[in-house]
Amino acid sequence: MPSEHWTHPEPGDGPAAVAAQPSPEQVIAGLRATSEGGAELTQLLTPEGERVSSPQFDRYVDDIDAEALKGLYRDMVLVRRADREANAMQRQGQLGIWVPLLGQEAAQIGSGRALRKGDMAFPSYREHGVAYTRGVDLKEVLGIFRCTDHSGWDYKAHGFHPYTIVIGNQVLNAAGYAMGQKFEGKVGDDDSEATICYFGDGATSQGDVHEGFVWAAVYDAPLVFFCQNNQWAISEPTERQSRLPLYQRARGYGFPGIRVDGNDVLACLAVSRWALEECRHGNGPVLIEAFTYRMDAHTTTDDPTRYRLSDELEEWKLKDPIERVRAYLARGGGADQAFFDQVQADSDAFAAELREYCFNMPEPPPDRIFSNVYAESTPLLDAQREEFLSYMDGFVGAGEH
């Protein structure tokens with residue numbers, strides 16, 4: 001059986017696989033077959049930095065002039081620099097683990113900047129860029145991965161829910177929240193609210209995501225499902241997850257789906273604005289598949305060289321989300337070298353600030369684990385706290401903590 005049958009079967013062509021484990025040739029064939037995102041890909045800025053007109057989506061970025069695009073560029077550079085610094089700090093033992101976003105900056109910044117103050121975002125564990133756009137201090141994000149905090153920001157004030165580690169579980173939370181927006185009459189006009197939920201291509205195989213789709217669909221919840229398809233569910237390619245492009249799964253639930261170039265910040269901004277507008281006006285949920293690529297490991301505990309080849313990585317480097325904006329600005333005279341140099345200097349200063357904070361991050365006191373168990377303490381919890389502190393006091397040097 002040809003490898004293409006394993007990766008992209010057409011109806012009637014036969015089974016999708018004949019073995020539990022694909023051969024290297026089958027994996028590569030599948031990746032190459034989807035490397036451009038297909039004919040349905042929505043793109044406004046090519047990898048070469050050329051603007052592409054879109055009758056449907058141009059109006060959603062009419063306000064993005066050169067100055068605004070410079071702002072989006074700066075967002076992506078700062079977030080990438082912070083990501084690289086955090087990755088290095090994990091290698092130096094300052095963080096327990098880190099989840100890189102390298103290569104996915106456009107998907108996160110574009111969609112994050114499409115949100116309004118009253119909207120709510122539900123992340124997984126990789127949405128550091130979305131956190132940045134929602135005004136969350138990335139120092140608080142570092143606390144999660146240093147194991148000193150559990151998302152310490154005010155999620156209501158920022159419109160950004162705490163990180164969710166369980167794969168796909170945030171989709172159920174987001175569906176419930178969006179249903180609440182509908183029940184409370186916060187949907188129906190331009191000033192209404194909406195919710196966006198982030199997850200990866202691997203999460204689409206989880207039951208929680210399916211249930212979230214069902215509930216959001218039947219209640220016309222104002223929910224944008226934002227799937228960052230970075231081609232790999234840890235060590236398994238997308239072709240192991242679905243016979244069809246992921247955005248087409250929306251058909252089975254009765255709401256629209258669209259595939260956008262996840263490395264194009266303009267397209268991600270435009271498509272996200274359109275989808276959020278649909279939800280605000282009561283037209284039910286929308287599925288966005290941001291077609292992008294994970295340029296680094298799944299987490300710092302992962303070794304991607306064990307399951308993917310370097311030629312794929314080199315191919316996707318040519319589609320870098322930051323470089324295409326840089327090329328567009330430079331070619332059109334929207335920015336000069338002094339601007340790019342200043343952004344780089346700002347990103348280095350940003351990383352240094354995060355590094356200084358991380359190295360000097362205070363350790364939480366031992367009784368911290370009891371502080372947020374319930375809204376109000378109970379006699380049993382008080383007794384457990386006292387027993388635990390008494391036990392800790394029995395160790396040498398306990399009085400120093």
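Side-chain atoms are counted along with the backbone in the values below, which use heavy atoms only and exclude waters and symmetry mates.
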Legend entry - Sequence-distant partners of Tyr163, ring-ring contact (aromatic ring centres under 6.0 Å, His included), two or more places apart: His128, Trp153

Legend entry - Sequence-distant partners of Phe388, ring-ring contact (aromatic ring centres under 6.0 Å, His included), two or more places apart: Phe370

Legend entry - Least distance between heavy atoms, Leu95 atom then Ala86 atom: CD1-O, 3.5 Å

Legend entry - Closest approach of Gly96 to Gln90 (non-hydrogen atoms, all atoms of both residues): O-NE2, 3.4 Å

Quick one: are the ring centres of [X] and [Y] less than 6.0 Å apart?
X      : Y      : result
Phe340 : Tyr73  : yes
Phe255 : Phe213 : yes
Phe199 : Phe122 : no

Legend entry - Carboxylate-amine/guanidinium proximity below 4.0 Å for Asp346 and Arg74: yes

Inset, instruction - Could you tell me whether Arg385 and Asp382 make a salt bridge, using a distance below 4.0 angstrom between a side-chain N and a carboxylate O? - result: yes

Inset, instruction - Using the ring of Tyr293 (Phe, Tyr or Trp, six-membered ring only), decide whether Lys319 places NZ or CZ under 6.0 Å from its centre and within 45 degrees of its axis. - result: no

Legend entry - Test log, rule side chain to side chain donor-acceptor pair (under 3.5 Å), inputs Asn87 and Thr300: CA-CA 7 Å; Asn87 207 76; Thr300 48; 5.8 Å; no

Legend entry - All pairs passing salt bridge (charged side-chain N to carboxylate O under 4.0 Å, His left out) where residues 265-277 contributes a residue, at least two apart: Arg59-Glu277, Asp63-Arg273

Legend entry - Positive for salt bridge (Lys or Arg N to Asp or Glu O under 4.0 Å) with Arg80, one of Asp75, Asp348, Asp296, Asp320: Asp320

For [X] and [Y], does a side-chain donor sit closer than 3.5 Å to a side-chain acceptor?
X      : Y      : result
Ser272 : Tyr60  : no
Glu387 : Ser390 : no
Thr195 : Asp119 : no
Trp98  : Asp83  : yes
His150 : Asn372 : no
Arg355 : Gln92  : yes
Asn230 : Thr292 : no
Tyr328 : Arg51  : no
Asn169 : Thr164 : no
Gln43  : Asp264 : no
Glu127 : Ser124 : yes

Inset, instruction - Identify the residue among Gln94, Met89, Glu85 that makes a side-chain contact (heavy atoms from CB on, under 4.5 Å) with Leu142. - result: Met89

Crowded around [X] [atom1]? As in, over 12 foreign heavy atoms under 6.0 Å?
X      : atom1 : value
Arg251 : CZ    : no
Gln337 : CD    : yes
Phe359 : CZ    : yes
Tyr357 : OH    : yes

Legend entry - His298, Gln108, Gln228 screened by side chain to side chain donor-acceptor pair (under 3.5 Å) with Arg126, the one that passes: His298

